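When a ligand or atom number is given, it counts from 1 through the structure's own listing order. Computed from a prediction, not measured in an experiment: that's the story for all the values here.
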Amino acid sequence: MECQLVRPNCIACGLCQTLAPKTFDYDDEGIVCFLNTAQQITHQSILPQEEENVIAAIKRCPTQALLAK
Ligand code: SF4
């Protein structure tokens with residue numbers, strides 16, 4: 001699967017990194033980005049072993065800032 005970030009929707013709640021710490025990180029303002037990836041990157045392929053965690057984050061993000069593609 002692929003995950004898309006809609007960074008303008010992110011409210012910096014911190015939930016997604018708790019659920020999927022190997023995928024999500026935050027910039028200096030707490031807005032979501034991919035771990036170890038430039039902030040401009042808004043799509044990433046998710047490793048199969050990470051999909052369950054990422055799907056949980058997508059479902060629980062309060063602002064639809066994370067999408068499955
Ligand atoms: S769960 Fe959603 S709103 Fe919260 S930090 Fe992650 S992307 Fe942003």
For Thr63, take its heavy atoms, then give the atoms of ligand 1 lying under 4.0 Å from any of them. 3 (S)
Which of the ligand 1 atoms, numbered from 1, are nearer than 4.0 Å to a heavy atom of Tyr26: 5 (S)
Taking the minimum heavy-atom distance to atom 2 (Fe) of ligand 1, which of Ala57, Cys61, Ala20 ranks first? Cys61
Which ligand 1 atoms does Gly14 reach within 4.0 Å, using its non-hydrogen atoms? 4 (Fe), 5 (S)
Within-4.5 Å side-chain heavy-atom neighbours: Leu35 and Phe24: no
Atoms in ligand 1 flagged as close to Ala65, the criterion being non-hydrogen separation under 4.0 Å: 7 (S)
Under 4.0 Å from a heavy atom of Cys13: give me the atoms of ligand 1 that qualify, with their elements. 1 (S), 3 (S), 4 (Fe), 5 (S)
Would you mind checking which non-hydrogen protein atom is closest to atom 8 (Fe) of ligand 1, with the distance to 0.1 Å? Cys10 SG, 2.3 Å
Going through the distances and angles, do Arg7 and Gln39 end up as a side-chain contact (heavy atoms from CB on, under 4.5 Å)? CA-CA 9 Å; Arg7 285 169 42 87; Gln39 293 167 16; 4.0 Å; yes
What's the separation between atom SG in Cys33 and atom CG in Asp27, rounded to the nearest 0.5 Å? 6.0 Å
With no hydrogens and no angle check, is any side-chain donor or acceptor of Glu51 less than 3.5 Å from a backbone partner on Met1? yes
Is the closest side-chain heavy-atom distance between His43 and Cys3 below 4.5 Å? no
Please confirm whether Phe24 comes under 4.0 Å of ligand 1, counting heavy atoms of the residue only. no
How does Val32 reach ligand 1, if at all, at less than 4.0 Å between non-hydrogen atoms: by side chain, backbone, both, or neither? side chain
Using a strict 4.0 Å cut-off to heavy atoms of Leu66, name the atoms of ligand 1 that fall inside it. 7 (S)
Atom 8 (Fe) of ligand 1 to Cys16: any N/O/S contact under 2.8 Å? no
Counting only heavy atoms from other residues, nucleotides and ligands, does the tally under 6.0 Å from CZ of Arg60 exceed 12? no
Please answer whether the main-chain N or O of Cys16 pairs with a side-chain N or O of Thr18 as donor and acceptor at a distance below 3.5 Å. no
Can you tell me if CD on Gln4 sees more than 12 non-hydrogen neighbours from other groups inside 6.0 Å? yes
